[in-house]
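Notes to accompany the following structure.
Residues take their numbers from the sequence shown, with the count starting at 1. None of the values given here were measured: they were computed from a predicted structure.
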Amino acid sequence: MTTPTTEASPTPPTDARRSWLRDHSELGVCVLLLALGALVLGDALTMDVEITQRGPVGPKTVPIVVGIGLLVIAALLAVDVLRGGRGEAEGGEDIDLSEPADWRTVLLLAGVFLGAAVLIEPAGFPVAGALLFWGAAFALGSRRFDRDPLIAAVLSLATYVIFNNLLGVPLPGGPLMGVL
């Protein structure tokens, strides 16, 4: 007579894996640096450069150096993390690590930036810039509706004039192109 045996099913050590990943979370930064370095290096090596434009230091030099630097830093950081190195948590006096992230402010700022990016071509930089500056001030907590839009408009117009007229960097003027 045989007795039924209960075999323990092999369970993957998910808790141990999660714990190891949590303890080595800086490897995510290594992967990001590695991908960014490969992208920069790949773009630099496939860059079309005419033979007449090349000299001892051509347009490929700096991207190649930056790409190699990113790859080296990614490798060194990975070795440090795997040997037990850990980054220290931010201990600044103006940061309370026990408080959750303020996602409302982050999403408001992202919306303002995306809105300005969409509006810059049809409305022009002065209008889009004013909305960007005022929206950023609003998202960061300023509720001075009498002062903030005026400051944003002046700051946007000054930026437009400095870049467009003084520095020669053309910015889209939009409907104000004939006025400015």
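The line from CG of Leu36 to CG of Leu32 is 6.5 Å long, rounded to the nearest 0.5 Å. Summarising the geometry, atom SG belonging to Cys30 is positioned 12.0 Å from atom CG belonging to Leu71; distances are rounded to the nearest 0.5 Å. Here the straight-line distance linking atom OH of Tyr160 with atom CG of Leu166 works out to 12.0 Å at 0.5 Å rounding. The line from CG of Leu167 to OG1 of Thr159 is 10.5 Å long, rounded to the nearest 0.5 Å. Atom CG of Leu171 is separated from atom CG of Asn165 by 9.5 Å, given to the nearest 0.5 angstrom. The line from CG of Leu76 to CG of Leu33 is 11.0 Å long, rounded to the nearest 0.5 Å.
The closest side-chain heavy-atom distance from Leu34 to Leu70 is not below 4.5 Å. A heavy-atom distance below 4.5 Å is found between the side chains of Leu140 and Thr105. In this structure the side chain of Leu77 reaches within 4.5 angstrom of the side chain of Val29, judged on heavy atoms. Within the 4.5 Å cutoff, the side chain of Asp43 has heavy atoms near those of the Leu39 side chain. Counting heavy atoms from C-beta outward, Leu132 and Phe113 have side chains that approach closer than 4.5 Å. Between Val72 and Ile68, some side-chain heavy-atom pair lies under the 4.5 Å cut-off. Between Trp134 and Phe145, the closest side-chain pair of non-hydrogen atoms falls below 4.5 Å.
Between Val81 and Glu26, the shortest heavy-atom contact is CG2-CB, 3.6 Å. Nearest heavy atom pair, residue Lys60 against residue Met47, reads CE-O, 3.2 Å. Summarising the geometry of Ser142 relative to Arg147, their closest heavy-atom pair is OG-NH2, 4.0 Å, with the distance given to 0.1 Å. Nearest heavy-atom pair across Pro172 and Pro126 is O-CD, 3.8 Å. Between Ser156 and Ala130, the shortest heavy-atom distance links the atoms OG-N, 3.2 Å. Nearest heavy-atom pair across Pro63 and Val40 is O-CG1, 3.3 Å.
Results of the side chain to side chain contact (heavy atoms under 4.5 Å, CB included) test with Val62 over Val66, Ile64, Val65 single out Val66 as the only residue that passes.
For Arg104, the CZ atom sits in a loose shell: 12 or fewer heavy atoms of surrounding residues, nucleotides or ligands are nearer than 6.0 Å.
Put simply, Leu131 and Ile151 are part of two different groups of oily side chains (I, L, V, M, F, W, Y) that touch within less than 4.5 Å, one to the next. Hydrophobic cluster membership differs between Phe133 and Val161, with clusters built from Ile, Leu, Val, Met, Phe, Trp and Tyr side chains linked at under 4.5 angstrom. The hydrophobic clustering, which links ILVMFWY residues whose side-chain heavy atoms are closer than 4.5 Å, places Ile162 and Val169 together.
A donor-acceptor pair under 3.5 Å is formed between the side chain of Thr46 and the backbone N or O of Gly42.
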